[in-house]
K.L.:
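Have a look at this one before I ask anything.
Note that the structure is a prediction, hence the values are computed from the model and not measured.
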Amino acid sequence: MTGKHPTQAPRKESGNAELVFMNDTIYIDHGISGEMKKKISDAATREGAKLLGHWFIGCPATYVVCEDASIKRYVGHSDNIVTPLWILKTVKEKNLQRLVHLSSDLARHVAIVLQNVRTSGENRKPGSVPSMNSSGRPSTQEEIDEIHQEKQKFVEVAKKEVRDRRARRMQSCEVPIHPITPTTLLDSICWTISEPTSSASIYTDSSWSDDANEQQSTTYFDANGDVRDPDQPTDIFSRPLKESERSELIFKNHFLTILFPIDRFGELGPSSKTFYNNGGFTRIQVLDHIYNFYQENMSTDEVEMALHTDSRHADRLRSLYSSAESAEKGVVAFKRIDFLGSRRSFEALKRLNRENNSNVYELVIRA
């Protein structure tokens with residue numbers, strides 16, 4: 001027996017009260033053909049949707065319309081990724097079609113898997129003979145034109161963001177070009193970096209009181225019922241992050257560079273990666289960047305250096321590197337988190353002490 005999945009509750013009843021896409025914003029991927037793009041645009045706008053001309057990470061689009069070849073660009077960054085057929089069918093039936101949802105951490109994991117599949121071909125050893133389609137170059141003139149247009153639009157958005165920041169600095173003399181940055185980020189965070197960011201919590205003191213006077217007049221007792229000195233160390237507890245804490249803006253600069261430890265005993269120097277967000281970075285965004293970095297496979301350069309380190313994880317890497325399987329695939333798939341071993345407990349994200357306006361932070365983790 002087969003049955004149809006139940007669809008979502010319709011937004012438009014048979015009487016014509018409310019449009020299906022009322023107050024929704026839709027972005028249509030540039031990879032969709034011009035004819036299909038026009039059909040989608042006409043159908044969606046008739047039902048109250050507003051179309052977006054550009055997409056970026058953090059874009060407020062309600063729906064992103066794309067085909068399977070472009071999904072890796074949006075998965076993990078957009079809540080609702082749909083096909084052209086989904087839009088057209090929704091408009092035709094005046095009823096939102098079924099959507100399959102993933103939690104944000106699982107969606108990011110899917111994005112990482114797709115990214116690793118894409119980069120596996122790019123990290124092949126020199127000397128391998130690629131086929132015409134594995135060269136990484138577009139195969140048709142139409143694809144070249146689409147990529148060219150997409151890059152031009154991306155550059156225009158980047159230029160606009162730079163001009164906007166420059167205008168804000170000129171309007172207010174109080175805003176320095178390089179504002180002072182915090183000494184540390186993610187203070188009091190309790191987290192194992194191999195776990196999804198949803199598991200991150202914040203340390204709390206069991207004897208903490210919001211009222212300082214009440215705290216001074218309080219008598220403290222230990223487990224045996226004896227009076228305890230309030231200055232002596234107490235048990236440390238943690239609680240899950242509140243939604244307001246997750247979304248709090250903790251770094252206002254638009255560039256953030258993190259120095260990531262690579263190996264268990266620190267023989268290798270850190271690997272740096274710079275992140276960009278025009279509006280700054282929230283607490284959960286910084287946590288996500290750390291988590292995603294370690295879920296990726298080690299780069300070719302990192303693997304070649306790590307082969308010379310001394311640890312049981314390096315032994316595993318050497319065995320994998322010299323195996324027939326890696327020779328056949330032409331790439332060594334070894335996650336960064338696996339090379340860290342037990343060094344996974346988050347301790348701090350500290351700004352380098354060279355300048356008080358630096359955007360370079362060192363990730364401190366311990367076993």
Side-chain angles (χ1 to χ4, degrees), residues 58 76 102-109 179-253 256-261 264 266 270 275 277 279-295 336-337 340-353 356 358-367:
L102 300 175
S103 62
S104 58
D105 51 352
L106 183 56
R108 286 189 291 269
H109 178 69
I180 295 175
T181 53
T183 306
T184 60
L185 299 176
L186 302 178
D187 293 332
S188 303
I189 288 294
C190 173
W191 179 45
T192 301
I193 62 173
S194 58
E195 299 297 323
T197 54
S198 57
S199 67
S201 57
I202 191 166
Y203 287 114
T204 58
D205 191 332
S206 62
S207 64
W208 175 258
S209 172
D210 291 331
D211 188 344
N213 295 327
E214 178 185 344
Q215 194 173 21
Q216 291 176 359
S217 62
T218 302
T219 302
Y220 297 88
F221 298 91
D222 60 17
N224 297 322
D226 299 324
V227 177
R228 177 178 61 79
D229 182 357
D231 294 327
Q232 77 181 48
T234 60
D235 293 334
I236 300 298
F237 295 89
S238 64
R239 60 167 174 78
L241 287 169
K242 300 176 183 177
E243 187 57 40
S244 59
E245 293 169 332
R246 293 165 60 87
S247 58
E248 180 185 359
L249 188 69
I250 63 171
F251 191 71
K252 297 181 179 179
N253 202 327
L256 173 63
T257 299
I258 299 179
L259 304 181
F260 294 93
R264 170 66 178 85
F275 305 95
N277 191 21
F281 296 86
T282 63
R283 183 175 279 106
I284 193 62
Q285 285 175 330
V286 177
L287 290 170
D288 284 340
H289 286 317
I290 295 173
Y291 176 77
N292 291 340
F293 178 84
Y294 283 110
Q295 291 300 315
R336 292 189 178 107
I337 192 64
L340 278 179
S342 59
R343 190 183 179 190
R344 302 183 177 192
S345 182
F346 177 85
E347 191 165 301
L349 197 60
K350 296 182 178 180
R351 187 190 67 202
L352 294 190
N353 292 326
N356 62 3
S358 172
N359 62 353
V360 182
Y361 285 76
E362 179 184 11
L363 175 63
V364 181
I365 52 179
R366 55 182 172 77

K.L.:
CD1/I189 to CD1/I202 distance, rounded to the nearest 0.5 angstrom?
P.N.:
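Output value for this atom pair is 5.0 Å.
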K.L.:
Determine whether a donor-acceptor pair (N or O, by modelled atom type, separation under 3.5 Å) exists between the side chain of R344 and the backbone of I337.
P.N.:
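Side chain of R344 to backbone of I337, a donor-acceptor pair under 3.5 Å: yes, one is there.
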K.L.:
Under 4.0 Å between a Lys/Arg side-chain N and an Asp/Glu carboxylate O for E362 and K350?
P.N.:
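Salt bridge absent between E362 and K350.
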K.L.:
Using a 4.5 Å cut-off on heavy atoms from C-beta on, say whether the side chain of F293 contacts that of R336.
P.N.:
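Yes, side chains in contact.
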K.L.:
Do any pairs count as a salt bridge (charged side-chain N to carboxylate O under 4.0 Å, His left out) and have a residue in residues 180-196, sequence neighbours left out, and if so which ones?
P.N.:
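The answer is none; no pair qualifies.
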K.L.:
Of all the heavy-atom pairs spanning S194 and Q295, show the shortest one and how long it is.
P.N.:
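Heavy atoms of S194 and Q295 come nearest at O-NE2, 3.8 Å.
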K.L.:
In Å and rounded to the nearest 0.5 Å, what is the OG to CD1 distance from S345 to I193?
P.N.:
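The CD1 atom of I193 is 9.0 Å from OG of S345, to the nearest 0.5 Å.
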K.L.:
With the side chain counted from C-beta on, respond yes when T192 and F346 share a heavy-atom pair under 4.5 Å apart, and no when they do not.
P.N.:
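Result no, sub-4.5 Å side-chain heavy-atom pair not found.
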K.L.:
Which is it for I290 and T197 under the side-chain contact (heavy atoms from CB on, under 4.5 Å) test, yes or no, and what are the steps along the way?
P.N.:
CA-CA 9 Å; I290 295 173; T197 54; over 6 Å; no
K.L.:
To the nearest 0.5 Å, how far apart are CZ in R351 and OG1 in T184?
P.N.:
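Those atoms lie 9.0 Å apart.
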K.L.:
Do the non-hydrogen side-chain atoms of L241 and R283 ever get within less than 4.5 Å of each other?
P.N.:
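When only atoms from C-beta onward are counted, R283 and L241 do touch, with a gap below 4.5 Å.
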K.L.:
Are R239 and E245 within salt-bridge range, i.e. N to O under 4.0 Å?
P.N.:
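Yes, R239 and E245 are salt-bridged.
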K.L.:
Could you report the tightest heavy-atom contact between C190 and Y203, atom names first, then the distance?
P.N.:
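Nearest heavy atoms, C190 then Y203: CB-CZ, 3.5 Å.
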K.L.:
Just verifying a value: how many Å separate L340 CG and R264 CZ, rounded to the nearest 0.5 Å?
P.N.:
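One gets 9.0 Å once the value is rounded to the nearest 0.5 Å.
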K.L.:
Which word best sums up how the rings of Y291 and W191 line up, parallel for under 30°, tilted for 30 to 60°, or perpendicular for over 60°?
P.N.:
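Because their plane-to-plane angle lies in the 30° to 60° range, the rings of Y291 and W191 count as tilted.
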K.L.:
Side chains of L349 and V364: closer than 4.5 Å at any heavy-atom pair?
P.N.:
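A side-chain contact is absent here, since even the closest heavy-atom pair is not under 4.5 Å.
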K.L.:
Tell me, do L363 and P261 make a side-chain contact under 4.5 Å, heavy atoms counted?
P.N.:
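Yes. Closest side-chain heavy atoms under 4.5 Å.
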K.L.:
Do L259 and L352 come close enough that some side-chain heavy atom pair is under 4.5 Å?
P.N.:
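Heavy-atom side-chain distance check passes, below 4.5 Å.
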K.L.:
Please report the C-alpha distance between F251 and N277 in whole Å, then the side-chain angles of each, then the deciding distance to 0.1 Å, and finally whether the side-chain contact (heavy atoms from CB on, under 4.5 Å) criterion is met.
P.N.:
CA-CA 10 Å; F251 191 71; N277 191 21; over 6 Å; no
K.L.:
Could I get the full list of side chain to side chain contact (heavy atoms under 4.5 Å, CB included) partners for P240, not counting sequence neighbours?
P.N.:
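Scan of P240 (side chain to side chain contact (heavy atoms under 4.5 Å, CB included), adjacent residues dropped) gives none.
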K.L.:
Looking only at heavy atoms, which two atoms of L287 and L186 are closest? And how far apart?
P.N.:
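Closest heavy-atom pair between L287 and L186: CD2-CD1, 3.8 Å.
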K.L.:
Using 0.5 Å steps for rounding, measure from the CZ atom of F281 to the CD1 atom of I250.
P.N.:
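If I round to the nearest 0.5 Å, the distance is 10.0 Å.
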K.L.:
Are any of the side-chain heavy atoms of T183 and Y361 separated by less than 4.5 Å?
P.N.:
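No; the side chains remain at least 4.5 Å from each other.
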K.L.:
Atom CG in N292, atom CZ in F275: separation rounded to 0.5 Å?
P.N.:
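CZ of F275 is found 8.0 Å from CG of N292.
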K.L.:
Would you say the side-chain atoms of T282 and R246 include a donor-acceptor pair closer than 3.5 Å?
P.N.:
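There is no such pair (donor and acceptor under 3.5 Å, judged by atom type) between the side chains of T282 and R246.
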